[in-house]
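We count residues from 1, following the sequence as given.
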Amino acid sequence: MQRILLRCKLHQARVTHSVLNYEGSCSIDMDLLDAAGIAEHEQIDIYVVENGARFHTYAIAAERGSKIISLNGAAARMAAVGDRVIICAYGIFDETEVAAHKPSLVYLNEKNEIVRTSKDLPVQLG
């Protein structure tokens, strides 16, 4: 059996641009792509904190060091500049990989600066 697991995420990124008349995708600062381990053209899921929207698109590179998170094409309708988003990529793992897998988690501040990284998701307390 194979399972789909969270491979990496950019947590609480801020949308910096919204470009409706573009081919599509989400432009992400190359430094942030590298930090999370997201490849250019890789499918990503985006979750908009402010409105609960969830959608698929693909990542493209934005200028290194720019801190850009740009929703392009149809995705530009899903969130506004300044909205917080969680950007995730998933992978397919076989049963022998599941127990040892740890996702790459990159936590950002309101300026899309990396404040910390982790391989452990926090346990939700009751």
Side-chain angles (χ1 to χ4, degrees):
M1 178 187 337
Q2 295 182 319
R3 296 178 187 244
I4 299 171
L5 303 178
L6 176 67
R7 198 174 54 68
C8 57
K9 77 173 177 174
L10 293 167
H11 191 75
Q12 300 279 338
R14 295 286 177 149
V15 176
T16 61
H17 296 77
S18 179
V19 185
L20 183 60
N21 294 315
Y22 192 82
E23 285 187 32
S25 70
C26 178
S27 302
I28 302 171
D29 177 326
M30 286 188 280
D31 288 338
L32 299 177
L33 290 175
D34 291 347
I38 298 171
E40 188 169 19
H41 310 120
E42 182 171 1
Q43 179 179 309
I44 54 176
D45 286 354
I46 299 179
Y47 312 127
V48 184
V49 174
E50 274 68 26
N51 65 23
R54 301 167 71 93
F55 59 96
H56 304 293
T57 188
Y58 60 95
I60 61 173
E63 181 181 4
R64 190 172 295 283
S66 65
K67 309 295 187 227
I68 287 175
I69 302 290
S70 181
L71 298 180
N72 304 319
R77 299 268 191 213
M78 304 300 284
V81 170
D83 282 355
R84 295 168 293 160
V85 294
I86 300 166
I87 301 170
C88 298
Y90 296 86
I92 299 172
F93 297 83
D94 64 38
E95 287 296 322
T96 62
E97 299 170 303
V98 169
H101 174 67
K102 298 280 188 177
S104 296
L105 312 171
V106 180
Y107 296 88
L108 306 174
N109 66 15
E110 65 281 349
K111 296 178 183 175
N112 289 337
E113 298 167 330
I114 297 171
V115 293
R116 71 182 175 94
T117 61
S118 179
K119 292 280 192 182
D120 295 308
L121 287 167
V123 174
Q124 184 169 343
L125 303 175

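By the 4.5 Å heavy-atom criterion applied to side chains, H11 and L105 are not counted as neighbours. When side chains are defined from C-beta on, R7 counts as touching E42, because their heavy atoms get closer than 4.5 Å. Looking at heavy atoms from C-beta onward, V15 lies out of side-chain contact with M78 at the 4.5 angstrom threshold. Two residues are said to be in side-chain contact when any heavy atoms from C-beta on lie closer than 4.5 Å; I44 and L10 fail this criterion.
If you take NE2 on H41 and CD on Q43, they are separated by 14.0 Å, rounding to the nearest 0.5 Å. Atom CD of E63 and atom OG of S27 lie 11.5 Å apart (nearest 0.5 Å). L33 CG to I38 CD1: the interatomic distance, rounded to the nearest 0.5 Å, is 6.0 Å. Taken from CD in E97 to CZ in R3, the straight-line distance is 12.5 Å, to the nearest 0.5 Å. With rounding to the nearest 0.5 Å, the separation of CG in D29 from CG in L108 is 9.5 Å. Here the straight-line distance linking atom CD1 of I28 with atom CD1 of I60 works out to 9.0 Å at 0.5 Å rounding.
A distance-only check finds no donor-acceptor pair linking the side chain of S104 to the backbone of C8 [under 3.5 Å]. Between the side chain of R14 and the backbone N or O of G82 there is at least one donor-acceptor pair closer than 3.5 Å. With hydrogens and angles disregarded, a donor-acceptor distance shorter than 3.5 Å links the side chain of H101 to the backbone of L6. A donor-acceptor pair under 3.5 Å is absent between the side-chain atoms of N112 and the main chain of A13, judged by distance alone. The main-chain N or O of N72 is never found under 3.5 Å from a side-chain atom of S70 such that the two would form a donor-acceptor pair. Between the E50 side chain and the R84 main chain, a donor and an acceptor come within less than 3.5 Å of each other. Remark: side-chain polar atoms of D31 are not paired, donor with acceptor, to backbone N or O of K67 under 3.5 angstrom. Under the 3.5 Å distance criterion, the side-chain polar atoms of T16 are matched with a main-chain donor or acceptor of I69.
Side-chain polar atoms of D94 and T96 form a donor-acceptor pair below 3.5 angstrom.
Hydrophobic clustering, with ILVMFWY side chains joined whenever heavy atoms are under 4.5 angstrom apart, keeps L32 apart from Y107. With hydrophobic clusters built from ILVMFWY side chains whose heavy atoms lie under 4.5 angstrom apart, I4 shares a cluster with Y47. V115 and V49 fall within a single hydrophobic cluster, where Ile, Leu, Val, Met, Phe, Trp and Tyr are joined by side-chain heavy atoms under 4.5 Å apart, directly or via other members.
Under the side-chain contact (heavy atoms from CB on, under 4.5 Å) rule, K9 has a single partner from L121, I87, D45, V106, which is L121.
Among all heavy-atom pairs drawn from L20 and R77, the shortest one is CD2-NH2, 3.2 Å. Minimum heavy-atom separation, C26 to L71: SG-CD2, 3.9 Å.
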